[in-house]
J.: 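My questions will all concern the structure given below.
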There are 2 protein chains.
Amino acid sequence: MIAPGRPDATTSSSLEALALALETSGDVGLRERKKRARRESLIDATQRLVERDGIDSVTVEAICEAAGVSTRTFFNYFESKDDALLGHVPWPVSPVAAARFVEGGPSGDLLVDLEELLATVIEQQPAGHERFRRAIALVAHEPRLLARHMAWFESHRSEIHQLVEQRLGPAPSVDPETVASIAMLLVHATAQRWESTGADSDPRAHLAAVVAEVRALFAGDLR
Amino acid sequence: MIAPGRPDATTSSSLEALALALETSGDVGLRERKKRARRESLIDATQRLVERDGIDSVTVEAICEAAGVSTRTFFNYFESKDDALLGHVPWPVSPVAAARFVEGGPSGDLLVDLEELLATVIEQQPAGHERFRRAIALVAHEPRLLARHMAWFESHRSEIHQLVEQRLGPAPSVDPETVASIAMLLVHATAQRWESTGADSDPRAHLAAVVAEVRALFAGDLR
DNA sequence: GTGCAACTTTGCATTCGACGCAATATCGGC
DNA sequence: GCCGATATTGCGTCGAATGCAAAGTTGCAC
C-alpha cells in the first residue's frame with residue numbers, strides 16, 4: 001500500500017485530463033499520479049470512441065492515438081481492450097465492513113449482514129458512479145462484454161467467498177461458494193436496476209428490492 | 001507453412017469418433033451425420049490436446065492437424081477455440097417441459113416448478129454427461145474459460161427468461177430477469193457439485209440440496 | 001544540480017486467433 | 001451421370017496481445 005502524503009502540489013500541465021486526474025488523487029508522488037492519470041485517460045478515450053463508432057470498429061491503435069500513448073503502453077495498463085472499455089479498476093471491499101461481517105455483525109443474520117456488506121461495497125465504487133453505470137449499460141447489450149464483466153466479478157466472488165468461509169467457521173451450514181455466487185447475483189441485479197432507473201436513485205433501495213423478490217421466490221409465495 | 005496432403009496416422013482416432021457419431025445419430029442424411037461427427041471429433045481433439053499440453057500451448061492449427069481438417073473449417077464449426085474446448089453444443093429446453101412450466105405446472109409453485117424444469121434440462125444434456133463434467137472441471141481452474149462459459153449460459157438465461165415471462169403474464173410478481181439469473185446460478189452450482197462428487201451421483205439430488213441451502217439463507221435461518 | 005538507481009514508455013518483431021473471399025470438392029436428388 | 005446446393009479449403013488480411021531491449025523519466029542522495 002501507499003502512505004498518504006502531502007497535500008496537492010499543483011504542477012501546471014497543459015493536458016486537461018491529466019490535470020483533472022492529478023487533483024482528484026493528490027496523495028502520492030508525481031510518478032504514481034501520472035500513472036493514474038494515464039489509466040483514466042485511456043478508459044475515457046476507449047469509452048468515448050466505442051460509444052461513437054461501436055466496439056469492433058475501434059482498434060487499440062486508435063485508442064492510443066487519441067490518448068497520446070503507444071499501443072505497447074496500453075497493454076502495460078490493461079490486460080485487454082475490453083478491460084479498458086469497462087473501466088475495470090481495483091475495487092476493494094472495505095476492511096472495516098469486511099471485519100464486521102466476519103465477526104457475525106451487524107445483525108447476526110447471514111443474509112441481512114451480507115446485504116449490508118454489499119451495500120457498502122456498491123457505495124464505495126472507486127471509479128465514480130457515472131462510469132460504473134456506463135459499464136453496466138455497455139454490458140447490457142454487448143454479450144461479449146458480459147463475459148469479461150463476469151470474469152471481473154469472479155475475482156470479487158472469491159473475496160466474498162473467503163469472508164463467508166471465515167464467518168461460518170469449520171462446519172459451515174451452507175456452502176460458501178453458493179453464498180458468494182448469490183452475492184454476485186445480487187450485486188449484478190442491483191446494478192442493472194440502478195442503471196435502468198437513473199443514477200440519482202438509491203442503490204440500497206434497489207438492493208433491498210432484489211433481496212425481497214428472491215426471498216419471496218424461495219419462500220414459495222409465488223405462483 | 002503446412003502442406004496438408006492426405007490425412008496421416010493421427011486421423012485414425014478421429015475416424016473412430018466419426019464412426020461412433022455416425023451410428024449414434026442415425027436419422028438424417030450422410031451430410032448431416034458427417035457434420036456432427038466432425039464437430040465431435042474437433043471437440044475431442046481439443047480437449048485431449050489441452051489436457052495434455054495446457055490451454056495456451058495448443059494452437060488451432062495443432063487441433064486441426066489432429067482432427068484432419070483445415071483451420072478454416074474449424075471456424076466454420078466454432079466461433080472460438082474456447083468454444084470447442086468447452087464443447088459448446090446447442091442445448092435445447094425440452095418443449096414439453098417448457099410448456100408445462102409456462103402453464104403453471106406441475107406443482108403451481110414457481111420455485112418448485114423451476115426446479116423441475118431445470119432438472120429435466122440437466123438430465124437431457126445432449127453431449128453426454130462425461131463431456132459436460134470435463135467442461136465444468138476445465139472452467140473451475142481456468143478463469144478465462146469461465147467468461148466464455150457464462151456467455152454460453154447467457155443464451156439459456158434468455159430462454160428461461162422468456163418462459164418465466166410467459167408464465168407470470170403482464171403483471172409479474174417478480175422480475176423475470178432475476179428469476180432467470182437465479183436459474184442459471186442453480187444450474188451452475190449443481191454442476192459444480194456434481195463434478196466434484198463423481199458422475200454417477202444423481203444430479204437431481206444436488207439440485208435439491210442447492211435449492212434447500214438458498215432457501216435457508218433467505219429464510220433467515222443462518223447466522 | 002549532478003549522478004545514479006529504479007521504473008516507464010516505446011518501437012520492433014512475432015505469434016496466433018479470427019474472418020472474408022473465391023476456388024474446389026462433396027452430397028443429394030433426379 | 002448430371003446439376004444445384006452445401007461444405008471444405010487455401011490464401012490473404014486484420015488486429016489483439018506479448019517479449020525484449022533501447023531510450024526516456026522520476027526519485028533520491030549527496
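Chain letters run A, B, ... following the sequence lines, proteins first, then strands; residues in each count from 1. Keep in mind it's a predicted model, so treat the numbers as computed, not measured.
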J.: Check whether any side-chain N or O of A/Thr59 sits under 4.0 Å from OP1 or OP2 of D/dG15, and answer yes or no.
T.: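 So the side-chain polar atoms of A/Thr59 never come under 4.0 Å of the phosphate oxygens OP1 or OP2 of D/dG15.
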J.: With a non-hydrogen cut-off below 4.0 angstrom, is A/Thr71 in contact with a base, only sugar-phosphate, or nothing?
T.: nothing
J.: Under 4.0 Å from OP1 or OP2 of D/dA7: is there any side-chain N or O of B/Lys35 that close?
T.: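 Yes, because at least one side-chain N or O of B/Lys35 sits under 4.0 Å from OP1 or OP2 of D/dA7.
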J.: Where the side chain of B/Tyr77 is defined as all heavy atoms beyond and including C-beta, which of D/dA7, C/dC16, C/dC12 is the nearest nucleotide?
T.: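 In terms of side-chain proximity for B/Tyr77, the closest of D/dA7, C/dC16, C/dC12 is D/dA7.
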J.: What's the closest nucleotide to the side chain of B/Phe75 if the choices are C/dC19, D/dA17, C/dT10?
T.: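 Closest nucleotide to the B/Phe75 side chain: C/dC19.
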J.: Give a yes/no on whether any side-chain N or O of B/Arg38 is located under 4.0 angstrom from OP1 or OP2 of D/dT8.
T.: yes
J.: Which nucleotide wins on minimum distance to the side chain of B/Val69, given the candidates D/dT9, C/dG17, D/dA16?
T.: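 Side chain of B/Val69 sits closest to D/dT9.
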J.: What distance do A/Leu85 atom CG and A/Arg134 atom CZ have between them, rounded to the nearest 0.5 Å?
T.: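 Atom-to-atom, A/Leu85:CG and A/Arg134:CZ are 10.0 Å apart.
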J.: Give a yes or no on whether B/Gln166 atom CD has more than 12 heavy-atom contacts from other residues, nucleotides or ligands under 6.0 Å away.
T.: yes
J.: Could you state the CG-C1' distance from A/Leu42 to D/dA17, rounded to the nearest angstrom?
T.: 16 Å
J.: When the nearest nucleotide of DNA chain D is assigned to A/Arg72 and to A/Glu61 on a heavy-atom basis, which residue is associated with the more 5' position?
T.: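 Result: A/Glu61.
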J.: Taking the side chain of B/Lys34 as its heavy atoms from C-beta onward, which of C/dC21, C/dT26, C/dG17 lies nearest to it?
T.: C/dT26
J.: Does the side chain of B/His188 come under 3.5 Å of the side chain of A/Ser181 through a donor N or O and an acceptor N or O?
T.: no
J.: Quick one: is B/Ser70 getting a side-chain N or O under 4.0 Å of the D/dT9 phosphate, OP1 or OP2?
T.: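 Checking B/Ser70 against D/dT9: at least one side-chain N or O falls below 4.0 Å of OP1 or OP2.
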J.: Rounded to the nearest angstrom, tell me the gap between atom CZ in B/Phe78 and atom C1' in D/dA7.
T.: 15 Å
